[in-house]
Protein chains: 2
Amino acid sequence: MRYDGAMTEPVPWLDARERAAWLRLAAMVELLPGTLSQQLERDADLSHFEYYVLAMLSEAPDRTLAMSALAQRTNATLPRLSHVVRRLENRGLVERSGCPTDRRVTMAHLTPAGWDLVVDTAPGHVRHVRSLILDGLTSEQVDQLHEITAAILDRIDPRGCMVDFYTDPADTAGGTAAADGAPEAKTA
Amino acid sequence: MRYDGAMTEPVPWLDARERAAWLRLAAMVELLPGTLSQQLERDADLSHFEYYVLAMLSEAPDRTLAMSALAQRTNATLPRLSHVVRRLENRGLVERSGCPTDRRVTMAHLTPAGWDLVVDTAPGHVRHVRSLILDGLTSEQVDQLHEITAAILDRIDPRGCMVDFYTDPADTAGGTAAADGAPEAKTA
DNA sequence: GCGCATTGGTTGACACTTCAACCACTGCGG
DNA sequence: CCGCAGTGGTTGAAGTGTCAACCAATGCGC
């Protein structure tokens, strides 16, 4: 399983700048998920991923989405989503039902209780995201972060599955009032 | 467990720019760990975290570090590290031994087999990191990434535990030839 | 209309992380 | 020198993610 004993090509080692940037990125990727989940677990007994699932449903038309569509929007594999939705269903936050037109498909629907939970949880979560990420960055850095993450995602997730749902300039004018996709209160 | 029913303070919602940057960051944080581990698992049957542990040991004086020091350098909790090191020890890549001066402390030492594995694996890993992250960014963006991640880490990890070990300008001149801390071949 | 590959989704087993409890040791206050 | 709080580390149980296997339904080729 060794990589390749012979020196096939000179390895383009990282220089100090690259190394420092990469080590910090790695540290952030390691630390951020836990930090995000802590606040949500305390306030709503939800992991960040669970919140994400509920939030995406809360924004969908009819608060309903096919499992595979939901998986794309949440960057999850289908098995993972299936397990999580089952747990959320047991808590009465989500309901599953078959799709009449294509009976392979399972639709996930946000219940009123699930909606209420998202509505109650969103403000605190937005505040938390703001205080962790955005408050420490200048306006230029937010734009830079946007560009950089877009570039990296292109290479990590070639199909660009997720991520580009809310990039459409349609609502750029109105100013979407959501983090992770908080519910749009007006449509409630 | 609802967040806070009453409208205490107006929630500073995210605008379109902030939201887009945040959603991409969240997606990246979700997707990157798996992508990183895949390559290492294929080439060396190591998760990214396991590689990180071996790499940090490979750079330490005498290739040895106390468990708690190693935990800091790898952004891990002590229980997590303890489990992982036990597995690595079972594979003969690491050895544990008591510390004579403070008998509470456990020292973790990289075995020759562990060293060889890191040496063989590092080039492929560096190439992978380069192709995933750095090749898609301009030189300016690498610096921006450095600044942005530093700012975020300040807020996530107030104690700044890890991360600042290799920021010291001492070796900026020599150009450390490491990603995640690959072994410094010259010292071998 | 009959195969058959493909899609959508679920399940169970296994691996890993987290959390709380716990033990051993240190070092400080009296 | 004793008691005790704090540190360093390990362990086992419980929760979560991943992977492979599987099933049902679709729709295409013929």
Side-chain angles (χ1 to χ4, degrees), chain A residues 29-42 44-53 64-91 94-109 159 161, chain B residues 27 29-42 45-53 64-91 94-109 159 161:
Chain A
V29 162
E30 194 75 49
L31 263 18
L32 196 46
T35 310
L36 285 171
S37 290
Q38 271 179 23
Q39 173 259 341
L40 285 164
E41 236 135 69
R42 182 167 44 73
D45 194 31
L46 247 34
S47 72
H48 181 244
F49 180 70
E50 291 171 326
Y51 174 81
Y52 216 101
V53 168
T64 300
L65 238 32
M67 291 294 282
S68 48
L70 187 54
Q72 282 200 325
R73 281 169 176 72
T74 54
N75 305 298
T77 61
L78 221 28
R80 179 183 184 189
L81 183 64
S82 186
H83 285 305
V84 168
V85 167
R86 177 171 39 71
R87 286 170 223 145
L88 294 175
E89 193 171 24
N90 291 340
R91 292 169 62 177
V94 167
E95 279 171 354
R96 279 187 287 196
S97 58
C99 171
T101 69
D102 184 341
R103 295 203 321 240
R104 292 171 299 184
V105 172
T106 303
M107 306 300 282
H109 173 71
R159 304 165 288 115
C161 272
Chain B
V29 163
E30 193 75 51
L31 263 18
L32 197 47
T35 310
L36 285 172
S37 290
Q38 272 180 22
Q39 175 259 339
L40 286 164
E41 234 134 71
R42 182 167 43 74
D45 194 30
L46 246 36
S47 72
H48 181 246
F49 180 70
E50 289 170 327
Y51 174 81
Y52 215 103
V53 168
T64 300
L65 239 30
M67 290 295 282
S68 48
L70 187 53
Q72 282 199 325
R73 281 169 175 72
T74 54
N75 305 297
T77 61
L78 221 29
R80 178 185 185 187
L81 183 65
S82 185
H83 286 302
V84 168
V85 167
R86 178 171 38 70
R87 287 171 223 143
L88 293 174
E89 193 171 24
N90 291 340
R91 292 168 61 176
V94 167
E95 278 171 356
R96 279 187 286 195
S97 58
C99 171
T101 69
D102 183 341
R103 293 205 320 240
R104 292 171 298 184
V105 173
T106 304
M107 306 300 282
H109 172 72
R159 304 163 288 118
C161 273

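Below, chain A is the first sequence line, B the second, and so on; all start at residue 1.
- Rounded to an integer number of Å, the gap from L36(A) CG to dT17(C) P is 19 Å.
- Take the nearest nucleotide of DNA chain C for R86(A) and for G34(A): the residue whose nucleotide is more 5' is R86(A).
- Taking only side-chain atoms of R80(A), from C-beta outward, the nucleotide of dG17(D), dT11(D), dG8(C) with the closest atom is dG17(D).
- Spacing between atom CD of Q72(A) and atom P of dT7(C) amounts to 13 Å, rounded to whole angstrom units.
- Counting to the nearest Å, the C1' atom of dG9(D) and the CG atom of L65(B) are 15 Å from each other.
- Side-chain contact between S68(B) and R104(B): absent, with no pair of heavy atoms (C-beta onward) separated by less than 4.5 Å.
- A straight line from CG of L88(B) to P of dT10(D) spans 13 Å, rounded to a whole angstrom.
- Closest to the side chain of P79(A), from the set dT10(C), dG9(C), dT10(D), is dT10(C).
- In this structure, the CG atom of N90(A) is 13 Å from the P atom of dT10(C), given to the nearest Å.
- Side chains of V29(A) and H48(B) form no contact here, defined as non-hydrogen atoms less than 4.5 Å apart.
- Nearest nucleotide to the R103(B) side chain, out of dG9(D), dT26(C), dT11(C): dT26(C).
- For the pair M67(B)/C99(B), no side-chain contact is recorded, criterion being any heavy-atom separation below 4.5 Å from C-beta on.
- Side-chain atoms of H83(A) and base atoms of dG12(C) include a donor and an acceptor less than 3.5 Å apart.
- The CD atom of E89(B) sits 13 Å away from the C1' atom of dG9(D) (whole-angstrom rounding).
- Rounding to the nearest 0.5 Å gives a distance of 8.0 Å between OH of Y52(B) and OG1 of T74(B).
- Of the two residues contacting DNA chain D, namely R104(A) and T106(B), the nearest-nucleotide position lying further toward the 5' end is that of T106(B).
- Between D102(A) atom CG and dC23(D) atom P there is a gap of 20 Å when expressed in whole angstrom units.
- Distance from the side chain of L78(A) is smallest for dG8(C) among the nucleotides dT17(C), dG8(C), dT26(D).
- When the C1' atom of dG15(D) is taken as reference, atom CD of E50(A) falls 10 Å away, rounded to whole Å.
- Counting non-hydrogen atoms under 4.0 angstrom, S47(A) reaches nothing in the nucleic acid.
- Checking the phosphate oxygens (OP1, OP2) of dG15(D), no side-chain nitrogen or oxygen of R87(A) falls inside 4.0 Å.
- In summary, the side chains of H83(B) and R86(B) do present a donor paired with an acceptor at a separation below 3.5 Å, with no hydrogens or angles considered.
- Nearer to the 5' terminus of DNA chain D, by closest-nucleotide assignment, is the contact made by R96(B) (compared with the other of T101(A) and R96(B)).
- The phosphate of dT7(C) has neither OP1 nor OP2 within less than 4.0 Å of any side-chain N or O from S68(A).
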